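All figures in this text were calculated on a predicted structure; none of them were measured in a lab. All chains are named by letter (A, B, ...) in the order of the sequence lines, taking the proteins before the strands, and each is independently numbered beginning at 1.
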Amino acid sequence: MLEKTFDPKTVEPRLYERWEASGAFSPEHALARNPDAEGFSIVIPPPNVTGSLHIGHALNNTLQDVLTRFERMRGKAALWLPGTDHAGIATQMVVERQLAAEGTNISRRDMGREAFVERVWKWKAESSGTIQGQLRRLGASCDWSRERFTLDEGLSAAVRKVFVTLHKQGLIYRDKRLVNWDPQFQTAISDLEVQQKEVDGAYWHFAYPLEDGSGEVVVATTRPETMLGDTAVAVHPDDERYQAMVGKMLAHPITGRRIPVVADDYADPEKGSGAVKITPAHDFNDFQVGKRHGLEMINVMDAWARMAGPIPAEYAGMDRFDARKAIVAKMEELGLLRGIEKVRHMVPHGDRSGVVIEPYLTDQWYVDAKTLAQPAIKAVEDGRTVFEPRNWDKTYFEWMRNIEPWCVSRQLWWGHRIPAWYGPDGAVFVEESEEAARAAARARYGDDRPLTQDEDVLDTWFSSALWPFSTMGWPDETEDLKRFYPTHTLVTGFDIIFFWVARMMMTGLHFMGEVPFRRVFINALVRDASGQKMSKSKGNVMDPLGLIDQYGADALRFTLTAMSGQARDIKLSEQRIEGYRNFGTKLWNAARFCQMNECVRDETFDPAQAKETLNRWIRGETVKTARAVTQGLEACAFDDVANALYRFIWNVFCDWYLELAKPILNGDDEAAKAETRATAAWVLDQCLKLLHPVMPFLTEELWDKTASFGRARDGMLITADWPALPDAWVDPEAEAEIGWLIALIGEVRSIRSEMNVPPSARAPLAVVGAQAATRERLASHRDLILTMGRLSDLREAEAAPAGAVPFVVGEATGALSIAEFIDFAAERARLTKEIGALNGEIDKAARKLSNPDFVARAPEEVIEENRERLAEAEAAKAKLEQALGRLEAVA
RNA sequence: GGGCGGAUAGCUCAGCGGUAGAGCGUCUCGUUUACACCGAGAGGGUCGGGGGUUCGAUCCCCUCUCCGCCCACCA
């Protein structure tokens with residue numbers, strides 16, 4: 001006999017081991033059975049190798065697993081390729097922090113490159129494996145034999161090959177221009193790694209005197225410290241106020257440098273004074289203006305963002321923000337400060353370091369993204385790759401059509417070192433290996449010269465961009481590439497459409513000549529129950545492992561699947577997970593019922609031959625469910641899939657089929673009994689199969705257990721055949737008949753309850769179907785109805801006088817008359833409604849008060865108001881509840 | 001400034017031309033040999049405001065208000 005409930009804790013690890021040992025996770029398993037099996041592949045968005053599973057991963061990987069398991073059951077050679085990312089800047093940062101925390105005062109620079117990188121590898125060795133273990137807990141059916149890491153030798157070779165090829169094609173080049181410089185990490189970062197944050201600042205209005213003393217120009221700036229690098233002031237060519245000044249020279253108030261007034265469209269006559277100072281080495285717009293006018297580019301900061309270069313000695317070495325104050329003070333002292341205007345404005349920050357980013361003039365490597373983007377744009381326009389939900393392609397297009405060169409070099413040590421070597425004369429040799437670079441150098445110089453390799457590494461997203469083909473063995477022409485590229489579906493979050501999806505499209509098309517995936521499913525962002533983004537600082541993170549411990553992996557998986565529709569956000573509440581845990585238990589108990597009633601699988605049983613109305617009906621319902629689930633999975637309509645399964649298993653199979661089957665199973669008609677047993681067992685099997693992709697553990701366990709009290713199975717559920725049921729099995733006649741019965745019984749129950757007929761009151765009639773035709777129809781289903789709990793009352797139906805009113809209530813059952821009962825019901829309804837509304841108030845106020853953002857932003861009196869409202873609502877609710885209690889007591 | 005979402009029951013959401021739905025919560029009733037992680041039932045909504053199209057609008061169009069996100073820019 002089955003236990004009363006399913007115990008995930010003991011079962012899950014056992015089953016996972018069995019799956020893994022069976023080889024079912026590898027596509028070879030399917031190919032062994034059918035060498036012509038169609039390929040199906042998904043590559044995992046590689047998590048940080050040293051990371052651990054958060055709820056977003058749980059969602060993302062659940063959906064990938066659902067798809068993989070589904071296609072595997074459909075007989076495809078299904079590959080879900082796992083792996084991890086070295087996560088350059090993030091990982092290096094962690095290790096640097098560790099160094100700092102050790103208190104030995106040894107920085108990475110003190111250690112030297114080799115020792116530091118070794119240290120990072122050590123940390124990687126210690127902390128890797130965590131997330132793989134956690135994915136196993138989730139039930140992820142990845143092919144671990146193909147696991148990859150972005151710094152593996154194979155993937156590194158792919159990186160070098162791509163870099164060298166693009167360089168030879170002129171699509172990677174070295175250039176001196178402004179980059180986003182992170183002064184804390186001492187590295188360039190890409191546009192995408194910059195986050196604009198609104199901060200308090202000011203416009204300082206400064207007067208720049210004309211060299212000849214004939215006047216002045218007023219300019220405004222939010223960054224006074226950069227004025228040391230000014231090399232011009234620009235005005236709009238059509239701005240009449242400044243016509244006479246164009247071409248004249250100004251005397252820089254602090255450096256004394258002579259700088260010209262230039263005419264340029266960039267200056268907006270509407271803004272400020274209409275004149276703008278130009279600092280080409282410290283502002284992206286000014287850089288362009290500087291190029292147009294051939295202005296000198298004066299760098300006045302060093303890599304730490306301290307003042308440096310050709311500047312007055314008093315500022316040298318000063319921190320940029322101290323310099324800002326000093327410059328403002330100086331201008332005031334000179335009598336040239338014309339005003340200060342407080343503003344809140346956007347300032348760029350590093351997404352990892354959190355410090356203010358400086359536009360900084362350096363040499364970096366760039367990818368010509370504009371060129372690579374064209375085929376990638378076309379592929380989505382042509383539908384060779386589709387986004388799901390569709391609208392995300394707009395986001396993709398928007399970015400791709402306005403793409404800027406991608407800065408791929410990073411002044412870090414953890415990552416793929418750039419395969420470029422420099423000769424003594426500065427000539428660069430970009431080759432896949434040092435030997436090849438030497439050979440190239442020899443060809444140029446005629447003899448061996450010392451070469452030094454570029455110190456920089458590549459942006460971590462450079463190797464991720466190759467993931468769909470590098471993991472399959474490229475540049476070799478492997479079997480895997482032939483069978484599994486392009487991949488079928490990419491499941492990922494919208495936050496990395498630019499970072500990752502777009503770049504995979506570019507490299508995939510360029511190097512493979514084909515899109516890397518046919519479909520991109522953008523999964524939602526998981527938020528907490530009140531819609532807040534989960535974050536450690538808010539303390540509202542939900543740990544997927546904890547949830548798995550408590551409710552089982554299946555319950556978590558079902559919840560995440562059920563909430564993955566077209567929505568962009570998922571508000572995850574623990575209550576919901578509990579509800580789906582209960583759903584699993586419900587199915588478990590249905591199996592238990594089948595076991596108790598000897599509903600054993602009968603291989604000779606053909607559902608097409610079922611005779612009983614009830615069995616013909618459930619057969620059709622099963623077909624419809626299989627169809628809905630299959631279509632839902634094909635379309636990534638995960639919420640529909642979960643809902644169809646939930647409804648069918650709970651509300652159709654358990655609530656109606658098994659209930660209506662009871663009288664047959666307890667009756668004397670042996671043929672009907674045998675048919676019903678076989679049908680019940682068959683439907684249960686279909687449920688297990690259809691539910692398996694979403695709830696693999698519970699279904700696999702039941703598959704095993706039902707075999708133990710029935711006949712042996714051919715194999716595990718994970719490789720069982722997906723139900724492909726003929727539409728002809730839907731029987732409209734049976735559907736109509738059982739549908740009618742269900743509706744009638746519902747009505748009977750509802751009226752009994754409304755009239756307060758106690759279930760124990762058997763003799764007083766519940767209901768009488770009055771029309772002769774109705775009675776006749778009812779009589780034909782008497783066997784099904786009689787044991788429907790208290791509905792045995794229906795026996796009396798036949799005795800009712802013909803032509804009576806449709807429903808008749810029997811004798812009064814308590815102190816209340818019908819009229820009193822109605823009044824009572826009305827009053828009770830009113831009170832419960834009010835209590836409901838107050839509950840809402842209480843919820844709302846309580847949430848506001850516990851929301852850190854609200855508390856931080858709202859004025860004290862608003863917070864107080866909410867506190868009062870909460871107290872008032874609670875008091876009112878208590879009062880109403882008392883009144884309700886009194887009312888009940890009277891009744 | 002550009003773009004994308006959203007506003008439907010107390011809460012979380014589905015529906016998207018034809019009598020307003022689900023889950024949870026609330027309330028009532030129920031120890032029925034599958035299941036209290038259960039069963040039966042009830043209450044609860046001018047489908048954000050205003051216009052328009054239509055025989056008919058929660059749904060389509062316009063507009064306003066409020067919330068969320070992304071991109072860009074602000075001397």
Side-chain angles (χ1 to χ4, degrees), chain A residues 1-2 4-6 191 196 203-206 219-223 233-234 266-268 271-279 283-286 343 345-346 389 391-392 394-395 397-399 402 494-495 497-498 525 527 529-531 533 551 555 562-563 565-573 575-576 578-597 639-640 643 646-647 654-655 658-659 662 746 749-754 756-760 787 789-790 825-826 828-844 847 881 884 888 891:
Chain A
M1 183 71 168
L2 288 172
K4 262 195 158 178
T5 56
F6 169 67
D191 298 346
Q196 303 291 337
Y203 289 133
W204 283 274
H205 296 260
F206 295 147
V219 297
T221 180
T222 54
R223 307 182 56 212
V233 165
Y266 168 64
D268 182 349
K271 275 185 191 163
S273 64
V276 55
K277 72 185 199 65
I278 300 297
T279 320
D283 181 281
F284 288 98
N285 287 312
D286 293 6
V343 286
H345 64 146
M346 302 297 263
N391 252 344
W392 286 110
K394 292 205 175 115
T395 304
F397 285 137
E398 176 65 20
W399 190 68
N402 299 298
F494 61 81
D495 50 334
I497 289 179
F498 305 148
L525 185 72
R527 296 169 179 278
S530 52
K533 226 181 204 168
Y551 302 102
M563 304 193 73
Q566 304 278 304
R568 301 177 151 223
D569 295 334
I570 289 180
K571 296 191 181 105
L572 189 61
S573 78
Q575 230 173 24
R576 190 122 182 202
E578 193 181 345
Y580 290 129
R581 189 268 321 265
N582 295 352
F583 167 68
T585 307
K586 186 75 183 175
L587 177 61
W588 183 267
N589 277 294
R592 202 159 169 259
F593 174 88
C594 289
Q595 182 184 19
M596 292 172 67
N597 287 280
D639 50 342
D640 291 349
N643 287 335
Y646 189 95
R647 291 232 124 68
C654 293
D655 285 352
L658 293 182
E659 289 301 332
K662 281 175 184 173
R749 284 172 175 172
S750 157
I751 285 173
R752 280 185 66 110
S753 164
E754 217 169 286
N756 250 354
V757 178
S760 52
T787 55
R790 303 289 177 245
R828 195 180 61 197
R830 197 183 63 75
L831 289 176
T832 34
K833 181 179 179 178
E834 271 184 43
I835 292 173
L838 286 170
N839 271 331
E841 282 273 301
I842 290 171
D843 266 21
K844 227 179 260 170
R847 198 168 43 247
E881 271 174 344
L884 194 57
E888 305 293 351

Distance between P atoms of B:A34 and B:C29 (Å, rounded): 25 Å
Salt bridge (charged side-chain N to carboxylate O under 4.0 Å, His left out) partners of A:Arg576, counting only residues at least two apart: none
Spacing of A:Gln196 atom CD relative to B:G2 atom C1', expressed in whole Å: 15 Å
Euclidean distance, atom CZ of residue A:Phe494 to atom C1' of B:C4 [Å, nearest integer]: 11 Å
Sugar-phosphate, base or nothing in reach of A:Thr279, heavy atoms under 4.0 Å: nothing
Please write out each protein N/O paired with an N/O of nucleotides 34-38 of chain B under 3.5 Å, distance rounded to 0.1 Å.
| from | atom 1 | to | atom 2 | distance (Å) |
| --- | --- | --- | --- | --- |
| B:A34 | O3' | A:Arg592 | NH1 | 3.4 |
| B:A34 | O2' | A:Asn589 | OD1 | 3.0 |
| B:A34 | O2' | A:Arg592 | NH1 | 2.9 |
| B:A34 | N6 | A:Cys654 | O | 3.4 |
| B:A34 | N6 | A:Glu659 | OE2 | 3.3 |
| B:A34 | N3 | A:Asn589 | O | 2.9 |
| B:A34 | N3 | A:Ala590 | N | 3.4 |
| B:C35 | O4' | A:Asn589 | OD1 | 3.1 |
| B:C35 | O2' | A:Asn589 | ND2 | 3.4 |
| B:C35 | O2 | A:Lys586 | NZ | 2.8 |
| B:C35 | N3 | A:Lys586 | NZ | 2.8 |
| B:C37 | O4' | A:Asn582 | OD1 | 3.1 |
| B:C37 | O2 | A:Arg581 | NE | 2.8 |
| B:C37 | O2 | A:Asn582 | OD1 | 3.1 |
| B:C37 | O2 | A:Thr585 | OG1 | 2.7 |
| B:C38 | OP1 | A:Asn582 | ND2 | 3.2 |
| B:C38 | O3' | A:Lys586 | NZ | 3.2 |

Whole-angstrom distance between B:G39 and B:U32, as gauged at atom P: 16 Å
Inter-nucleotide P distance (B:G44, B:U54), Å rounded: 36 Å
ring-ring contact (aromatic ring centres under 6.0 Å, His included) partners of A:Trp204, counting only residues at least two apart: none
Residues in side chain to side chain donor-acceptor pair (under 3.5 Å) contact with A:Lys4, at least two apart in sequence or another chain: none
Position toward the 5' end of RNA chain B (nearest nucleotide), A:Tyr580 or A:Phe284: A:Tyr580
Sugar-phosphate only, base, or nothing, as touched by A:Asn402 at under 4.0 Å among non-hydrogen atoms: nothing
Atom-to-atom span, CZ of A:Phe498 to P of B:C70 - whole angstrom: 10 Å
Whole-angstrom distance between B:C60 and B:G15, as gauged at atom P: 12 Å
Spacing of the C1' atoms in B:A14 and B:A9 (rounded, Å): 13 Å
Those residues that, when tested against A:Tyr266, pass ring-ring contact (aromatic ring centres under 6.0 Å, His included) (two or more places apart): none
Whole-angstrom distance between B:C70 and B:G50, as gauged at atom C1': 30 Å
Sugar-phosphate, base or nothing in reach of A:Ala267, heavy atoms under 4.0 Å: base
Pairing stems for RNA chain B [at least three consecutive pairs; Watson-Crick or G-U; under 3.5 angstrom]: B:1-7 with B:65-71, B:10-13 with B:21-24, B:26-30 with B:38-42, B:48-52 with B:60-64
ring-ring contact (aromatic ring centres under 6.0 Å, His included) involving A:Phe593 - partner list, sequence neighbours excluded: none
Whole-Å gap separating C1' (B:G2) and CZ (A:Phe397): 17 Å
For A:Tyr551, side chain to side chain donor-acceptor pair (under 3.5 Å) partners two or more places apart: A:Glu574
Interatomic distance where CG belongs to A:Asp191 and C1' belongs to B:C71 [whole Å]: 11 Å
Inter-nucleotide P distance (B:G17, B:A36), Å rounded: 43 Å
Closest listed nucleotide, where the reference is the side chain of A:Arg647 and the choices are B:C70, B:C4, B:A22: B:A22
Spacing of A:Lys394 atom NZ relative to B:C71 atom C1', expressed in whole Å: 15 Å
Proximal nucleotide (of B:C74, B:U12, B:C69) relative to the A:Met563 side chain: B:U12
Minimum heavy-atom distance A:Lys277-A:Asp286, with the two atoms named: O-OD2, 3.4 Å
Over all atoms of both residues, closest heavy-atom pair of A:Thr585 and A:Thr5: CG2-CG2, 3.8 Å
A:Asn643 side chain vs A:Asp639 backbone, donor-acceptor pair below 3.5 Å: yes
Sugar-phosphate only, base, or nothing, as touched by A:Ala275 at under 4.0 Å among non-hydrogen atoms: base
Sequence-distant partners of A:Asp191, side chain to side chain donor-acceptor pair (under 3.5 Å), two or more places apart: A:Asn180
Sugar-phosphate only, base, or nothing, as touched by A:Glu398 at under 4.0 Å among non-hydrogen atoms: nothing
Side chain of A:Arg576 (C-beta onward), nearest among B:U12, B:C73, B:C69: B:U12
Nearest-Å distance for atom pair CH2/C1', residues A:Trp392 and B:C71: 12 Å
Value in whole Å for how far the P atom of B:C13 lies from CD of A:Gln575: 14 Å
Donor-acceptor pair, side chain of A:Arg581 and main chain of A:Ala555, under 3.5 angstrom: no
Touch class at under 4.0 angstrom, heavy-atom based, for A:Thr221 against every strand present: sugar-phosphate
Nearest-angstrom distance, C1' atom, B:A57 to B:G52: 11 Å
